[in-house]
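Each residue takes its place number in the sequence, starting with 1. All values below come from the heavy atoms of this structure, side chains included, with hydrogens, waters and symmetry mates left out.
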Amino acid sequence: MNSELQLEQMRVERVMECITEEVNRLEEEKSRRKNEVVHIRKHFWDEVRVNTDTFDDFLETIIGLRQEAQELSVSQSTHRQASKRLTTLRRMQEVPYFGRIDFVEEGNSTQEYIYIGVSSLRDPSGEDFLIYDWRAPISSVYYDYQPGPAEYETPGGTIRGKLEKKYQYLIRGGVLQSMFDTSLTIGDEILQQVLGRGTDKQMHNIVATIQQEQNKIIRHDRGRLLIVHGAAGSGKTSAAMQRIAYLLYKYQDRLNADQIILFSPNSMFNSYVSNVLPELGEENMQQVTFQEYLDHRLSKEFQVETPFEQLEYVLTAMNDSWYSSRLMGIRLKASTRFFEAIQSYRQSLEESGMLFKDLTFRGKTIVTRQEIVERFYSHDISLRFHNRLEKLKDWLIKKIKEFQKVEKQKEWVQEEIQLLSNDDYHKAHRYLAEKRGFKREEIADYEMEPEALARLIVHQKLKPLRKMVQALHFVDTKGMYKQFFADPEQIKKCLEGETRASLSDICQTTIEMLEENQLFYEDATPFLFLKEMIQGFQIESSIKHIVVDEAQDYSPFQFEFLKELFPVARMTVLGDFNQAIFAHASERANFNALTSLYGHDETEVINIARSYRSTKPIIEFTRRLVPNGKQIIPFERDGERPVLKRVTNHTELHNCIASKIEELRGHGHNSIAIICKSAEESERAYEGLAFLDGIKLLKSNSLEYEQGVVVVPSYLSKGIEFDAVILYDASEHVYGDESLRRVFYTSCTRAMHVLQLYSVGEPSAFLREVMREGVIDTCF
């Protein structure tokens, strides 16, 4: 070991000692605080003298309670912070730091050695930093500059200077295995090592290998909307996860993990990324799919189609007589024009068209829907729409009260009284006595009047109806959404390019679904938007930041809805329009709609073209599959070229796949995906390959990303990477339509090290194009 390496190893050992000392100190602190919390909870009331005889006694009691509660809160908070810091330090015992910069600040002659890791660490005196957090302002120099002039931003302004040298370290378990002077070493040695490894069950942090373009994403801090448009495997999602950690660090006094939401493509993806923030010592943000949010809001009223069910229909139902009109409907209901049409329709309801439900009780109508309509439109039209609804609600509650007075005399009420159990009778007696002001010891003396009991019975029975009115459930939103589609002419003016015939079909199928209490996926957001516009938006003002992954899967309508739903939140949006596989996707229209969401001044677009996931030969193949693929830059990581093998039937296909999997396992590949076009094809493939040991089928409701050999539909593989990918059937029969180009591209870009394609019969035209360029090996 050379002298420089020896000196660096000695420093690692010194740092490890400091970490161990802090771990020991925090272990004691954690244990002590835990005992304090247990003691305070156990003896909480022993320490407080409860006395309410006089005002002074009462005040003293309140102060005592507050002091005890405050002491408990401090102990709990300290215990929580110690636990969080201990988790981080234990990770640092494995890898204390990964980089160093030698920096001379402008105006100084002294060179500073800045060591960078996942978290800061001071020396025992507390005066000097042994390690700087990767999110600290000065750490940005490590990611953004090569030796030479450099600068970084601080709250006090820009600090300029000179970066003398930059090092990368590979430390494992307190042992310095290697170090690289990046000014002398060609390429990124550690990044090469990381990318060369196999995949894991979960995504990990990338702080040791963040690239300059990714650092720009992570530290971006201007405007309402950041759009990250990047090639498959360019590290968009990884950078976004580090970005969340950075924001939690920078704004720790006013931002916490509960105020951030990640909208992810599926539940399996949630599991895949769930480890990143805890690795960095941060709590996980809220994670949800857009479908889960729709189900939360609509599943009590409707059976809502999922985006995967919609996509499955698009990929497999080409022979359905309604297919072309369904596709038109999907595109139409995804557009900003349709968003504006719903807004205009809601505006028209100010003057006419509101629909309501009858208010009924025990088969008797209390107020008819027509009476409610007349009452609503009898209000002064200068009143705001929602004020008119509030007044209408108050009027209906009053009507229910009037009805209650009459109803208490009815015979059914006496029957209910006679059927009361002893327990219910005593509960009613106690409730009425307390309502009349009787103290606990006087309740036995209260003589319950039959009329009071009858009134209570009717009041309780009418409670669900009152709750319905308070929640505005008497508003017939389903009827109004149907009404919107009842006449195609009323929406034709704002739906350019659709023929009257196609509009008629779209309207008819939408109405039929509504009548069966079902919603197409493309109708779910417009329906919910109309409901919110009528009844009042349930905005999420506590959320300060939302991250949307796989943005190309979202429609312009859905982004407009998210903007309304989270009015104070900033937004980070990640996407690759080459992977826009949903039927509503139109690259230019969707991108333009997204960039205009908050306006030019509040929006920044960062394009990242370099792809890191796959080997260079795989990227050279996949980038030729899409029109703008020349813009994708492969990272210099060597590997084998993709291989296409043609087979004559599915029996031969399954035998070839089995042999290939055995070969891949022999080479140490842990995650192997057999990717099919659709769930329908995945089911058939899984049945045909069921003889393979440990094979699993991933479905849209799978909650966890599985290692091993998996069969998966193309659209569920998005956002995830595999050591090896086997494209199940790349034939013209399966991928013969130009609309499937992006589905095909998305599937191929999941591969890190090996890409094997099979074709039952004639290969797809997508492959015939690239075969001529010699970037894929063939075996016919």
Side-chain angles (χ1 to χ4, degrees), residues 199 232 613-626 629 638-678 680-695 697 708-714 717 721-737 740-741 743-780:
T199 60
R613 173 185 296 135
S614 308
T615 60
K616 186 176 181 181
I618 292 174
I619 295 171
E620 289 293 356
F621 163 71
T622 56
R623 73 190 192 125
R624 286 169 166 79
L625 296 173
V626 284
D638 203 12
E640 299 173 3
R641 290 203 299 188
V643 177
L644 168 66
K645 182 177 176 62
R646 181 172 174 173
V647 296
T648 54
N649 55 53
H650 282 84
T651 300
E652 185 185 355
L653 171 65
H654 296 153
N655 289 334
C656 286
I657 290 175
S659 298
K660 186 65 182 178
I661 287 171
E662 187 177 348
E663 177 192 326
L664 291 168
R665 282 171 165 167
H667 285 94
H669 294 302
N670 295 320
S671 66
I672 304 165
I674 302 161
I675 301 182
C676 303
K677 182 181 81 171
S678 63
E680 185 180 281
E681 187 181 58
S682 295
E683 292 275 3
R684 291 199 302 269
Y686 180 69
E687 287 174 13
L689 294 164
F691 61 89
L692 284 172
D693 183 42
I695 192 168
L697 175 65
V709 180
V710 297
V711 181
V712 58
S714 57
S717 69
E721 55 195 28
F722 305 89
D723 290 340
V725 163
I726 295 170
L727 200 71
Y728 180 70
D729 185 0
S731 66
E732 181 69 11
H733 174 70
V734 178
Y735 290 99
D737 195 296
L740 297 170
R741 180 178 290 277
V743 174
F744 192 83
Y745 168 81
T746 300
S747 300
C748 293
T749 56
R750 301 304 97 200
M752 288 182 68
H753 309 297
V754 178
L755 176 59
Q756 171 75 52
L757 301 94
Y758 292 98
S759 172
V760 181
E762 187 70 18
S764 165
F766 307 148
L767 288 171
R768 294 200 295 275
E769 292 171 15
V770 296
M771 282 160 60
R772 287 193 291 271
E773 297 190 40
V775 292
I776 184 171
D777 291 337
T778 56
C779 182
F780 288 175

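The shortest distance between side-chain heavy atoms of His654 and Tyr758 does not fall below 4.5 Å. Using a 4.5 Å heavy-atom cutoff, the side chains of Val709 and Leu689 are not in contact. The side-chain heavy atoms of His733 and Glu762, taken from C-beta on, include no pair separated by under 4.5 Å. Side-chain contact between Thr749 and Leu625: absent, with no pair of heavy atoms (C-beta onward) separated by less than 4.5 Å. Inter-residue side-chain proximity for Glu732 and Arg768 is flagged as met; some heavy-atom pair is nearer than 4.5 Å. With a 4.5 Å cut-off on side-chain heavy atoms, Leu644 and Pro763 count as touching. Between Phe621 and Leu767 the shortest side-chain heavy-atom distance falls below 4.5 Å. Residues Tyr686 and Ile674 have side chains not in contact (no heavy-atom distance under 4.5 Å, counting atoms from C-beta outward).
Looking at residues two or more places apart in sequence or on another chain, you find no side chain to side chain donor-acceptor pair (under 3.5 Å) involving Ser678. Here Glu681 pairs with nothing under the salt bridge (charged side-chain N to carboxylate O under 4.0 Å, His left out) rule; sequence neighbours left out. A search for ring-ring contact (aromatic ring centres under 6.0 Å, His included) contacts involving Phe744 returns Tyr735, Phe766, not counting sequence neighbours. Taking the side chain to side chain donor-acceptor pair (under 3.5 Å) definition, one finds that Arg641 meets it with Asp777, sequence neighbours left out. Contacts of Glu662 classified as salt bridge (charged side-chain N to carboxylate O under 4.0 Å, His left out), with partners at least two apart in sequence or in another chain: none. Here Asn655 pairs with nothing under the side chain to side chain donor-acceptor pair (under 3.5 Å) rule; sequence neighbours left out. Not counting sequence neighbours, His669 has no partner by the side chain to side chain donor-acceptor pair (under 3.5 Å) test. Among residues two or more places apart in sequence or in another chain, the salt bridge (charged side-chain N to carboxylate O under 4.0 Å, His left out) test is passed with Arg750 by none. Not counting sequence neighbours, the partners of Arg741 by the salt bridge (charged side-chain N to carboxylate O under 4.0 Å, His left out) test are Glu738, Glu769. Under the rule for a ring-ring contact (aromatic ring centres under 6.0 Å, His included), Tyr745 has no partner lying at least two apart in sequence or in another chain.
Within the structure, salt bridge (Lys or Arg N to Asp or Glu O under 4.0 Å) contacts touching residues 650-659 (residues at least two apart or in different chains) do not occur. Judged as a salt bridge (Lys or Arg N to Asp or Glu O under 4.0 Å), not a single pair has a partner in residues 665-675 (not counting sequence neighbours).
In this structure, Asp737 CG and Ser764 OG are separated by 10.0 Å, a value rounded to the nearest 0.5 Å. Note that CD1 of Ile776 and CD1 of Ile618 are 10.5 Å apart. Values are rounded to the nearest 0.5 Å.
For Asp693, the CG atom counts as loosely surrounded, since its 6.0 Å shell holds 12 or fewer non-hydrogen atoms of other residues, nucleotides or ligands.
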